[in-house]
Structures are given as structure tokens and as C-alpha cells.
There are 2 protein chains.
Amino acid sequence: MSAALDRSADGPIEGGSRRLILDTAARLLRGGGYHQTTLREIAEAVGIRKASLYYHFASKEEIVEAVVNDGVRFVHEAVVAALAQASDATPRKRLEAAIRAHLTALHGHGDYTSASIKVFTFGATPTPDSVRRVRRAYEDVWRALIAELQEAGALSPQRAPDALRFFLLGALNGSTDWYRPDRFDLADLAREFTGLITHGEQGGAAAMAADLASANR
Amino acid sequence: MSAALDRSADGPIEGGSRRLILDTAARLLRGGGYHQTTLREIAEAVGIRKASLYYHFASKEEIVEAVVNDGVRFVHEAVVAALAQASDATPRKRLEAAIRAHLTALHGHGDYTSASIKVFTFGATPTPDSVRRVRRAYEDVWRALIAELQEAGALSPQRAPDALRFFLLGALNGSTDWYRPDRFDLADLAREFTGLITHGEQGGAAAMAADLASANR
DNA sequence: CCTACCGATCGGTAGG
DNA sequence: CCTACCGATCGGTAGG
């Protein structure tokens, strides 16, 4: 939570109120989406009256926007960190690290990330600009990674990068509809998914050669 | 529309009323999902009063259920038909035909199919049994196809079939979030997606050999 | 298929 | 952070 957003000096409010509201909203949005989640539910779960939410936020949309952006930023940072840590790994391993980080952020931590996926649309109102910006920034990470992997030969250069990105992110985010912690292991899933798309038209030989070249540099 | 469901003999109702309601509901559900779409909207778009909807359906849920099931059945039949027509093709071509049929049904015909994807959850009420059955029946088509392709070597037998199915169907259905007719060609997308997952750990050589063997039998 | 109506609930505001 | 209230709208029903 940034200090600029903390209004604890402005009124009858303790430190974590705003964050508590967002935590609660994230949990409910994750389950119900935009329209199903009501301000009364959020307020009741927090332990305050509904009208009190308006001391912290100007509207329902502002609450949802904050949750969604936090969720995407969290995945974004997790993937960037994983790629930085795997900067010397093979292209394949870098892809696997990015996929694992995305899946882990999506399922392993809190509710913000899942809520972000669930709230793809903001109902009748258009998607806020800030949300589009934050999403776009994260997509750029994958744009760059896919370009890198295609150059390195770990992903077939014959595949259209946009289709590849849409396909992969769609498959990863779709996991919110079927993933169950007791049934899947996130590291296993990441390995499976990486194996699924790691070979191009030329097949595994080229990718293996690329892996070796990368490991030796 | 089955004759058993046509109640045109029961009251002041013309032939296509029920179907017109479902067509309209499908269009609105596709855009807004379960909670955003209201009975008033549907009625107004049809040109009747909201209360009149209850002459044809017992509840909002019944309308949505009919749309969702019709949508899944439509994709199901399209994919089965495509596979039947490609029964002599290579495993790769069969997969591509199934993917193309799924994408075409999803984006090329009416609103039922997209509405089915959009209405993944039925709000607070649990997903109706009929919906679960219809969805499951369609998943079984992919279960069988994936098993067939893994046996034939077109998909790596090292990949967990369930993860593969979730991954692929998630990616295909996620296309409702980004697909634009003016930007993508469905046949091109199908070819891209097929190329993406068509090679296993052994790489393209094994798959190519399998294709040749299949083509020669 | 209609008019008329229902209680419940929605997001949001007034005023403290 | 509260009590009290708002108009609008929801899915659904009565009765024809």
C-alpha cells in the first residue's frame, strides 16, 4: 500500500482499513465477479456499514478497479522476478519459470489475481483506462519473452507471436475455471504446459540444440 | 427446436416465439453474462412485456440454461461432424479440423456458443445438472480425441491428457475475450494452434513420421 | 399475451 | 465511521 493512498490522517480510520476493504472485495469478486458482488456484502464481511465504504472509495467501480489492478500488478511483478532469477537459464527454462510464476501468482497467493481474471469486464461501464494500461504493461512482458524465445529457437518462429501470446495467456488464465490445489501441482502444470508448446515445426531437435547453445554461452 | 418443447398449441403463441426469446437472450447473454442480462432487456428486445416471458419459461435460470445447453450442443455437433468428415485424414489434420470446428462454431455462428462460455457460472445458484451433463458430454469428445492422437504420436504421450485438454479448451474458449473477425482468420488460427501443440518431447520428426504412416494406411 | 403490482435489493447520498 | 433515506431496478406473481 502506497503512503499516498493511505488516508489514515483524514478521519476516523485506522491503518489497515482501506486494505482490509480491498482484501475482502478481492475475495468476494474472485467468487462472484462484478455484478454478483455487492457493496453490502463487502461491508458486512469487513464489519462496517455499507455507507462507510464511501469514506474510503468514491464508488463500487473504484473498489473493483483497485483490486483488479493490484492483481495484475502482482502477477506482473512475479513473472518479471522469475525471469530475472532465471536470466542465465535456457530459453525453455525461462519460459517454464515465467509460466510457473504466472500460475503460482494466480493460484497460490491471495484473491486479487483470480479476481482480476474473473472481472474481465466492468459490466455496462467501459473498462477503466488504468486497467487497460496495467493489463497492457503485463502483456508487454510476454510480448518480449515470446520474441526472445522465438529468436532463440525455443518457440517456433513460424508461429504468429500474437496468436501464441493469446493462446498461452488464455490457457493460463482459463485455469481459474478448473484448477484445484488437491488435484494439480503448479510446478507440474508449468512443466506440462511448457512441454506442450516448446517445439515448433522443426521439432524438438532444434529446440534442444538451442537449449544447449544457451547453456554453454 | 424439438417438437416436444414447442408449446405453440397451448395458448396465444405463434410458432417461433420461444425460439425468438432464446435467440434474443443468447445475444444479450453473450455480451453481458448472467447478472448483467435482465428479463426486462430480453422482453423489450423481443417486443413483449417482461411478465409474458413467464408464459414460456418458469424462471430466468430456465432461459439461461436453455441457451447455454444449446450453445454447447452446437459446438459439440460441429466438432463431431468435422471429425467424421476428416476420419481418413492424418492425426494432425484431424486435430486441426476439430480445433477449426470449435473456433468456427464459437465465433462464426449466432450467439449461443459465446453465451455458453460467458455464462460459466450461474450466479449464486449452482450450475444446473443438465448443463453439467451437456458440458461433460462435449469434453468426452476431446478426451477421446486426445487419447487417439497420443496413441498415434501426433501429441506427445508424455503429456498428461487432462492437463492437455484443460490447456487446449481453455485457450480456445479464451478466444472469446480477444478474437475479432477483422483481425484473425479462423482457419489460420486453427492452423497456428495446431502447430503450437502438435509436437511432443521427441519433436517434429516423430509426429511427421506418424502423419506419413497415417496417410499411407 | 397483457396490466398492475409485490417485496427485496441495488448503488449511492444527506447529514451528522 | 454511523443512521436514515433515496430512486431505480431486480425477478417474480396475481389475475385476467
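Below, each value reflects all heavy atoms present in this structure, side chains not excepted, and no hydrogens, waters or symmetry copies. Keep in mind that this is a model prediction, so the values were computed, not measured.
The minimum heavy-atom distance between A:Ser17 and A:His56, with the atom names listed, is CB-CE1, 3.7 Å. Between B:Gln150 and B:Pro157, the closest heavy-atom pair is NE2-CA, 3.9 Å. When every heavy atom of A:Ala45 is checked against every heavy atom of A:Thr24, the shortest pair comes out as CB-CG2, 3.4 Å.
Following rounding to the nearest Å, B:Ile63 (CD1) and D:dC10 (P) show an atom-to-atom distance of 14 Å. Rounded to whole Å, the distance from OH on B:Tyr55 to P on C:dC1 is 8 Å. For the pair A:Glu41 CD and C:dT9 C1', the computed distance is 11 Å after rounding to whole Å. With rounding to whole Å, A:Ile21 atom CD1 is found 15 Å from C:dG11 atom P. Rounded to an integer number of Å, the gap from A:Phe57 CZ to C:dG11 P is 15 Å. Atom CZ of A:Phe122 is separated from atom C1' of C:dG11 by 16 Å (rounded to the nearest Å). Rounded to whole Å, the distance from NZ on A:Lys60 to C1' on C:dT9 is 12 Å. Note: OH (A:Tyr34) to P (C:dG11) measures 8 Å, nearest angstrom.
Mapping A:Glu61 and B:Val46 onto DNA chain C by nearest heavy atom places B:Val46 at the nucleotide closer to the 5' end. Take the nearest nucleotide of DNA chain D for B:Ala58 and for B:Thr38: the residue whose nucleotide is more 5' is B:Thr38.
Looking at A:Pro181 and A:Tyr179, their side chains come closer than 4.5 Å, going by heavy atoms from C-beta outward.
The structure places NE2 of A:His35 at 13.5 Å from OH of B:Tyr34, a figure rounded to the nearest 0.5 Å.
Listed by first residue number, the stems of DNA chain D with at least three Watson-Crick or G-U pairs below 3.5 Å are C:1-16 with D:1-16.
The residue from A:Val75, A:Leu106, A:Leu172 that alone fulfils the side-chain contact (heavy atoms from CB on, under 4.5 Å) condition with A:Ile117 is A:Leu106.
Ring centers of B:Phe193 and B:His102: at least 6.0 Å apart, outside the cut-off.
Contact annotation: B:Arg40 side-chain N/O to D:dT9 OP1/OP2 distance is not under 4.0 Å. Between A:His35 and C:dC10 there is no side-chain polar atom (N or O) within less than 4.0 angstrom of OP1 or OP2. Look at B:Ser17 and you'll find a side-chain N or O under 4.0 angstrom from OP1 or OP2 of C:dC1.
In A:Glu62, the CD atom is crowded: over 12 heavy atoms of neighbouring residues, nucleotides or ligands sit closer than 6.0 Å.
Taking the six-membered ring for Trp and thresholds of 30 and 60 degrees, B:Phe166 and A:Trp178 have nearly parallel ring planes, at less than 30 degrees apart.
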Just the atom pairs and distances: protein N or O near nucleotides 2-4 of chain C's N or O, under 3.5 Å.
{"residue": "C:dC2", "atom": "OP2", "partner": "B:Arg49", "partner atom": "N", "Å": "2.9"}
{"residue": "C:dC2", "atom": "OP2", "partner": "B:Ser52", "partner atom": "OG", "Å": "2.3"}
{"residue": "C:dT3", "atom": "OP2", "partner": "B:Arg49", "partner atom": "NE", "Å": "3.0"}

